[in-house]
Amino acid sequence: MSELFHVGISGARGKMGRAVDQTLDARNDVVVAARFDWGETPDLSRCDVVIDFSTAEASVALVQACVAKGGPALVIGSTGFTPEQDAVLAAAGETLAIVRSGNFSLGVNILIGLVEHAALRLDARDWDIEITEAHHRRKVDAPSGTALMLGEAAANGRGHDLAALRTAPYDGIAEARETGKIGFASIRAGGIVGEHTVLFASEDEVLTLSHSAIDRSLFAKGAVAAAAWVRSRRPGLYDMQDVLGFRQA
């Protein structure tokens, strides 16, 4: 039987917080030790790790409170951090073990690792990279954060920042595609949960790596897997590539 550990849920009344709660409830190796939202003062003393899906502001306040107490470990799924807030999280990694990710899907994060390795091995002079993503009609940002994570993985594989390789959307009459660039395309329609495809294309063959999300509970399951992993780690700022073993942690 797995060792019992204690988890706090930040943003507990939000959509993702409730999903995390349901996922934890289905496990027999976890005790939910605290549930709280922004503005509430939780007792973190019984928590081995806190899973946080709240807001950037609330996450920073939580991080600062945990740094002051010397724990617990954190799993952060909030997004929209400013550079100044990013710096707070980076500094906190010197004191706390933190897993931070914009997408906790285990499948997506496996895909990210595969994309980086493929980009490393496929010569940019011969292989073009195109990333397509599809989401529901209510999603307002494009490309999605996950598509950008895939783009960053591809750029890392080629030894560059994404900003240096990202190409403008194709529209109208323009010059031929520039060698080595990474393109993006977005679809917004109906109730699509999330679909991402990375296409590597040469003159002779095409390699397609893709992921489809069927149910939003998959993100909660990934966050819980990250919590089980990070609770016993040394201080540091980790991501799901560490959790899945693509990097040595």
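We're numbering straight along the sequence, starting at 1. When reading the values below, keep in mind they use all heavy atoms of this one structure, side chains included, and skip hydrogens, waters and symmetry mates.
Taking the side chain as every heavy atom from C-beta outward, Trp38 and Glu57 approach each other to under 4.5 Å. At a threshold of 4.5 Å between non-hydrogen side-chain atoms, the residues His136 and Arg188 do not count as touching. At least one side-chain heavy atom of Lys139 sits less than 4.5 Å from a side-chain heavy atom of Ser144. In this structure, the side chains of Phe53 and Val75 stay at 4.5 Å or more apart for every pair of heavy atoms. Val99 is not listed as a side-chain neighbour of Asp242, based on a closest heavy-atom distance of 4.5 Å or more. Contact annotation: the side chain of Phe5 approaches that of Val30 to within less than 4.5 Å [non-hydrogen atoms, C-beta and beyond]. Counting only heavy atoms from C-beta outward, the side chains of Ile76 and Phe81 approach each other to under 4.5 Å. Residues Tyr238 and Val243 form no side-chain contact, since every pair of their non-hydrogen atoms from C-beta on lies 4.5 Å or further apart.
Other residues, nucleotides and ligands contribute at most 12 non-hydrogen atoms within 6.0 Å of the NZ atom of Lys221. Within a 6.0 Å sphere centred on CG of Asp161, other residues, nucleotides and ligands contribute 12 heavy atoms or fewer. Within 6.0 Å of atom CZ in Arg138, more than 12 heavy atoms from other residues, nucleotides or ligands are found, so the atom counts as buried in its surroundings. Open room surrounds NZ on Lys69; 12 or fewer heavy atoms of other groups in view lie less than 6.0 Å from it.
Here the straight-line distance linking atom SG of Cys66 with atom CG of Leu96 works out to 6.0 Å at 0.5 Å rounding. Once rounded to the nearest 0.5 Å, the distance linking OG of Ser78 with CG of Asp52 reads 4.0 Å.
With respect to the salt-bridge test (charged N to carboxylate O, under 4.0 angstrom), the residues Arg13 and Glu40 qualify.
Judged by distance alone, with hydrogens and angles left aside, the side-chain atoms of Asp48 form no donor-acceptor pair with the main-chain N or O of Pro72 at under 3.5 Å. With hydrogens and angles disregarded, a donor-acceptor distance shorter than 3.5 Å links the side chain of Gln241 to the backbone of Asn109. Remark: side-chain polar atoms of Asp21 are not paired, donor with acceptor, to backbone N or O of Gly17 under 3.5 angstrom.
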For this session: Start with the C-alpha distance between Glu130 and Arg177, add both sets of side-chain angles, then the distance that settles salt bridge (charged side-chain N to carboxylate O under 4.0 Å, His left out), and finish with yes or no.
Result: CA-CA 11 Å; Glu130 291 288 327; Arg177 190 187 199 284; 2.7 Å; yes
For this session: For the pair Asp25 and Arg27, evaluate salt bridge (charged side-chain N to carboxylate O under 4.0 Å, His left out) and give the outcome as yes or no after the intermediate values.
Result: CA-CA 6 Å; Asp25 189 54; Arg27 295 178 59 132; over 6 Å; no
Exercise. After noting the C-alpha distance and the side-chain angles of His196 and Thr132, does the key distance pass the side chain to side chain donor-acceptor pair (under 3.5 Å) rule?
Worked result: CA-CA 6 Å; His196 295 86; Thr132 61; over 6 Å; no
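Val7 and Phe36 are not part of a single hydrophobic cluster, where members link through side-chain heavy atoms under 4.5 Å apart. Both Leu148 and Val198 are part of a single hydrophobic cluster, where members link through side-chain heavy atoms under 4.5 Å apart.
Heavy atoms only, all atoms of each residue included: Gly183 and Thr167 are closest at CA-CG2, 3.5 Å.
For the residue pair Ser101 and Asp239, no side-chain donor N or O sits within less than 3.5 Å of a side-chain acceptor on the partner. Donor-acceptor pairing under 3.5 Å is lacking for the side chains of Ser202 and Asp126.
Between Tyr170 and Phe184, the distance from one ring center to the other does not fall under 6.0 angstrom.
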